[in-house]
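Naming convention: chains lettered A, B, ... in sequence-line order (proteins, then strands); numbering from 1 in each chain.
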Amino acid sequence: MRMAYHRSMQLLLVEDELEIQGFLKASLADAGYVVDTAGDGKTAESLASVKSYDVLIVDLGLPDQDGIDLILRLRQMGVSSPVLILSARRSVDDRVRGLEQGGDDYLTKPFALAELLARLRNLLKRKATATTGPTVLRVGDLELDLLKRRATRGDEVLSLSPQEFVLLEYLCRHAGRVVTRSMLLSEVWGMRIQPDTNVVDVHIYRLRGKVDTEGREPLIKTLRGVGYVLKER
Amino acid sequence: MSSKNDSVRLRSGAWRISLWATLAFAFGTSLVFAGLHRFVANDIQRRSDAWLSGEVEVLGDVAERTPKDRLYGRVVSEVAELASKEVPDKLRSGDSEGESENDSVFFLQVGADGSPQLWVGAGNGVANLKSIRASHVEPDVPFHLQVKGFDIPFRVASVRMDDGSSIYLGLSERDELRVLRNLRLRFLSFGLLIVLFGFAIVFYTTRRMLGHVREITEAASRIGSSDLSSRVPTTQHNDEVGNLARTLNRMLDRIESSVHQLHTITDSLAHDLRSPLTAIRGKLEMYLSIGIGVEEGEPIVSAIDELDRLTEFLNTSLDVAEAKADALRLSRTEMELDELIRVMMDLYEPSMAERGLRMQLRSAGPVRVFADAALIHRLIANLLENEMKHVPASCTVVLHLQVENEVAKLVVEDDGPGFAEEICSQVFEQRVKGAGSKGHGLGLAFVEAVVRAHGGVVTASNRAEGGARLTILLPCGMDHHEQEAAPVAVFAG
């Protein structure tokens, strides 16, 4: 899915595993990013010093230096673009947590491509608009009043539990974009878990039963193996 | 804080050591004082005996030379009076001074027939004579004489005259006894002072020594599985305590290096497996995204699902392996269990309901623990998934949460079939699962691993009324370490 505002986005991918670098570059290019790649920290530094990137993807296990050191060095050089950190490590380093709090994001390998793209969009959006969002969200004939905590479809008021409202709100805010199960778990419930069972799916089924009633155009779509998307048509 | 300090002081081994040392010290001092006392007593007696012998000889001489006429009694009495005035000890009792009747000295002459001939001293001398007759007397050797009517005994010297009569000169032992009593009093108070002083010194030094030991113990107990980098405090002294600290630190070095090695192995294992997994998953996803139909996509989707399960299995296996080696890395923050469980139940409620299970929480209110949030999240999720996988429809799962003595207690009960007899004792072992279980057998092993890494305990049992019960005890935090760490400063000097 190509989207107009991605076209001019410049991205630096720092990853030493060539296979991963290859498919990431292809997928990112497909998503509309202009991608430069670097296989080690030194190349990344020299690239970042001559060109300004909108976002960086940095793998922590680089052959010549630690990814965190690279990020800190780039920050010292005045590179302020958001960074999406990739890691195959088991434990999340405290320094990574620090970067996460500074506005950068973190993703553990292996990850879903959809999730990587979604997080990239989040990083770019955070950079673009830090202002408060609208108080009413609209997707087709679905309308969410965030102040009154009321959801309507056409002229019918949907009776949602507070939890279902939060879930639908998250889907609406990301309307047209894929949200993965782990994104929903971490953003809606605040959990970083990977359940064995289909806990999230059951929530979505329930929500769908209330939002996409008989005779209405279905809005919540399932992308198998990936996640969900809320969109018209 | 101060009451905690006091109780630490009261429990110290320094009390016992100081008590024994003081007892030994007190025993030694009293032996020395007893010896000194004996020596002084003997010396005083020797001096008074020498005086008595000298005087009795003079008196005997005078008595012999004085003609036995009317004046004999007077002359001898006066000489005896005079003698009594020069009693060798200066510590004469004040009330007897200047009185003609001197009760500290007596003079008695007894005829050859044993009848009293002359008496100088207090009273009439009958009692004295009676006592002398009763005691066995050796001539020229002073002897001890207890006289009826006198509280204090006399020291008596005698001399036998040529005419067969005997002269006895007695000196009250009152002054001697008073000197000795004073001496004992001084010894006692002085000894008490020394013993107290000794106790204080011994207590202070052992206290300091044991303070170092306690510092080491506290520091060692703080070094948990999550923090192997700190070391116990060392002193520059080359004594036993210093050696203990250095040996402990060397041991910690070795443990740290083996744990580090384990981490390196699990990390590189994770890395080496995750990188190809990432590549495979990414490529599969790319195929999906180029828009193949549902039919063709099905195997790819299920392959991706399998990969995700494999990844989760890999992660959990490594976590359990590290936890078994007490090397699970924790990143603790303060968190609230009651709220977490409510959110988690909210998340799992639809799935539970779909399987026909009911869920209840009986909580006594907020429970704060200092723990690794990510691990605790997965722990609770594992517990609920475990129930979902193993409990048949129309059963009820009840969670009890409460705090007892700074320990959070979470009990998960159900009214299902309970644990199978053959696995009940080993449900926390890796790969142990019930005969009908479809899981990978890591769920409860992971639960146990996380609880253990946090210093807690988990037990599994079957309820008497049917169903399984899992009890998790989780210490609320590291507060007690911080509180105990403070008194170290008191004795660190």
Side-chain angles (χ1 to χ4, degrees), chain A residues 1 15-24 26-27 30-31 59-61 86-94 97 108-114 116-117 161-164 178 181-182 184-185 188-207 223-226, chain B residues 263 266-267 269-286 288-290 294 297-298 300-305 307-309 311-312 315 318-319 322 329 331 340 343-344 346-354 373-374 377-378 380-382 384-385 388-389 439-440 443:
Chain A
M1 76 206 104
E15 165 68 73
D16 59 317
E17 305 267 345
L18 289 180
E19 284 211 55
I20 298 175
Q21 202 194 72
F23 86 79
L24 274 183
S27 313
D30 192 47
D59 179 50
L60 286 189
L86 300 182
S87 170
R89 288 181 194 164
R90 298 199 47 244
S91 57
V92 182
D93 199 306
D94 284 339
R97 279 183 215 282
T108 321
K109 287 180 180 176
F111 45 83
L113 266 179
L116 177 87
L117 295 174
S161 71
Q163 186 63 56
E164 286 166 338
V178 180
R181 290 179 185 82
S182 69
L184 288 174
L185 279 171
V188 178
W189 283 278
M191 307 277 167
R192 278 214 160 177
I193 54 174
Q194 281 169 337
D196 267 358
T197 49
N198 58 343
V199 276
V200 179
D201 301 331
V202 179
H203 278 274
I204 297 285
Y205 296 153
R206 273 198 180 182
L207 185 63
L223 295 178
R224 297 221 40 197
V226 179
Chain B
H263 285 162
T266 55
D267 277 349
L269 184 65
H271 183 268
D272 293 351
L273 286 171
R274 277 175 183 179
S275 292
L277 281 175
T278 312
I280 297 169
R281 200 190 190 285
K283 285 175 186 166
L284 288 174
E285 262 195 275
M286 274 179 72
L288 267 189
S289 67
I290 52 176
V294 176
E298 184 59 35
I300 296 181
V301 167
S302 81
I304 289 179
D305 280 347
L307 272 185
D308 287 347
R309 250 197 292 283
T311 308
E312 179 61 16
N315 290 341
L318 291 176
D319 279 342
E322 278 195 356
R329 287 161 281 194
S331 156
L340 170 69
V343 175
M344 206 55 104
D346 187 75
L347 173 64
Y348 276 89
E349 192 276 323
S351 305
M352 290 267 193
E354 203 184 43
H377 284 188
R378 284 167 64 195
I380 310 274
N382 270 11
L384 295 181
E385 299 211 346
M388 249 162 62
K389 283 176 197 161
H440 42 45

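- No side-chain donor-acceptor contact under 3.5 Å links A:E19 to the backbone of B:A279.
- Contact annotation for B:D319: both backbone and side-chain heavy atoms come within less than 4.5 Å of a heavy atom of chain A.
- Ion pairing between B:E349 and A:R206 holds under the 4.0 Å rule for side-chain N and carboxylate O.
- The two residues A:K109 and B:S275 make their nearest non-hydrogen contact at NZ-OG, 4.3 Å.
- Proximity of a side-chain donor or acceptor of A:H203 to a complementary backbone N or O of B:L347 within less than 3.5 Å is detected.
- Under the rule for a side chain to side chain contact (heavy atoms under 4.5 Å, CB included), the partners of A:D201 that lie at least two apart in sequence or sit in another chain are A:R181, A:N198, A:Y205, A:Y228.
- Nearest heavy atoms, A:G190 versus B:H377: O-CE1, 3.3 Å.
- Contacts of B:L340 with chain A are made by both backbone and side-chain atoms, with heavy-atom separations under 4.5 Å.
- For B:T278 against A:P110, the heavy-atom pair with the smallest separation is OG1-CA, 3.4 Å.
- Residue B:S302 does not touch chain A at all, counting heavy-atom pairs closer than 4.5 Å.
- Across B:M286 and A:A26, no two heavy atoms sit closer than the pair CE-CB, 3.7 Å.
- In this structure, chain A has no heavy atom under 4.5 Å from any part of B:A373.
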